[in-house]
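If you're wondering where the values come from, they're calculated on a predicted model, not measured in any experiment.
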Amino acid sequence: SLSITKTLSIAVAFTSVISALAWISWKRSQSKRSWELFTALPEIIDHMSSGIQSGLSLIESLVNLGERGPAVAQIYFQEFNVALKEGVSFELAISHLQDEFSLRAADQLFESLIFAKSLGGSELLAMLRQLGDFTRQDLSLRREIAAKQGWVRNSAHLSAAAPWILLLLLSTQPSTSA
């Protein structure tokens, strides 16, 4: 940016802004991944419910998610399957899933599964249905909030970028940079 502006102070300011934008972009990609996992939770719960209803065990239902579950989460359930085959306990493998998902809604699901596995899950299907309903309601509410606040965010980005664009345009003129 020093070659464009010919002024060290303006170049440092632009470098700082570009660094901040790179960090924001990285955080946004992390947030997007979390959002994709969160939107996949109802489908994960549905797959588990249908698997258990069809006579599969809890572990078999979880392992099947590695092949038939939402694409964004398949790798985590495949790793879960590998961990179980290597002799890792169910609780530890679920704990690893919790770490990978790092979502409160997923934590509720996984803690419920640990509870159902250790104490026997006669109410597992009812719990999964209820958890699926809560997750869908939460997802719907979050989508509504995001839609209503989208225009505020976009106008804030535009108003924050406008002075920097003006500074860049003015700094490219030799008389202004001098």
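Counting heavy atoms from C-beta outward, Phe110 and Leu103 have side chains that stay 4.5 Å or more apart. Residues Leu37 and Leu41 fail the side-chain proximity criterion, which asks for heavy atoms closer than 4.5 Å. Side-chain contact between Leu141 and Gln137 is absent, with no heavy-atom pair separated by less than 4.5 Å.
Here the closest heavy-atom approach between residue Gly66 and residue Gln78 is recorded as O-NE2, 2.7 Å. Closest heavy-atom contact between Ser61 and Leu56: OG-CB, 3.8 Å. Gly69 approaches Gln74 most closely through the heavy-atom pair O-NE2, 2.9 Å. For the pair Leu128 and Ile45, the tightest heavy-atom approach, listed with the atom from each and the gap, is O-CG2, 3.2 Å. Between Leu124 and Ala116, the shortest heavy-atom distance links the atoms CD1-CB, 3.7 Å. The heavy-atom pair separating Val88 from Ala93 by the smallest distance is CG1-N, 3.8 Å.
Rounding to the nearest 0.5 Å places CG of Leu62 at 10.0 Å from CG of Asn81. If you take NZ on Lys27 and OG on Ser25, they are separated by 12.0 Å, rounding to the nearest 0.5 Å. A distance of 12.0 Å separates CD1 in Ile44 from OG in Ser49, rounded to the nearest 0.5 Å. With values rounded to the nearest 0.5 angstrom, Ile145 atom CD1 is found 8.5 Å from Lys148 atom NZ. How far CE of Met48 is from CG of Leu131: 9.0 Å, rounded to the nearest 0.5 Å.
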For Lys117 and Ile59, what are the C-alpha separation, side-chain angles and deciding distance, and is it a side chain to side chain contact (heavy atoms under 4.5 Å, CB included)?
CA-CA 9 Å; Lys117 176 75 171 146; Ile59 293 176; 3.8 Å; yes

With salt bridge (Lys or Arg N to Asp or Glu O under 4.0 Å) as the test, would you mind laying out the steps for Arg142 and Asp138 before giving the verdict?
CA-CA 6 Å; Arg142 288 178 190 232; Asp138 191 16; 3.1 Å; yes

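Taking hydrophobic clusters as Ile, Leu, Val, Met, Phe, Trp and Tyr residues chained together by side-chain heavy-atom distances below 4.5 Å, Phe134 does not share a cluster with Phe115. Note on Ile94: it clusters hydrophobically with Ile75, by side-chain heavy-atom contacts below 4.5 Å among ILVMFWY residues.
Put simply, the side chain of Arg68 never gets that close to the backbone of Asn64: no donor and acceptor are under 3.5 Å apart. Side-chain atoms of Ser95 do not come within 3.5 Å of backbone N or O of Glu91 as any donor-acceptor pair. Side-chain atoms of Glu60 come within 3.5 Å of backbone atoms of Ser57 as a donor-acceptor pair (strictly under, hydrogens ignored). Of the possible polar contacts, one joining the Ser50 side chain to the Asp46 backbone as a donor-acceptor pair under 3.5 Å is found. The closest donor-acceptor contact from the side chain of Glu100 to the backbone of Tyr76 lies at 3.5 Å or more, if one exists at all.
Taking the centre of each ring, Phe101 and Phe38 stay at or above the 6.0 Å mark.
Ring geometry for Phe80 versus Phe77: interplanar angle over 60°, hence perpendicular rather than tilted (30 to 60°).
Here Trp23 sits in one hydrophobic cluster together with Ile24, Trp26; the rule is ILVMFWY side chains under 4.5 Å apart, joined directly or through other members.
A side-chain donor-acceptor contact under 3.5 Å links Gln98 and Glu111.
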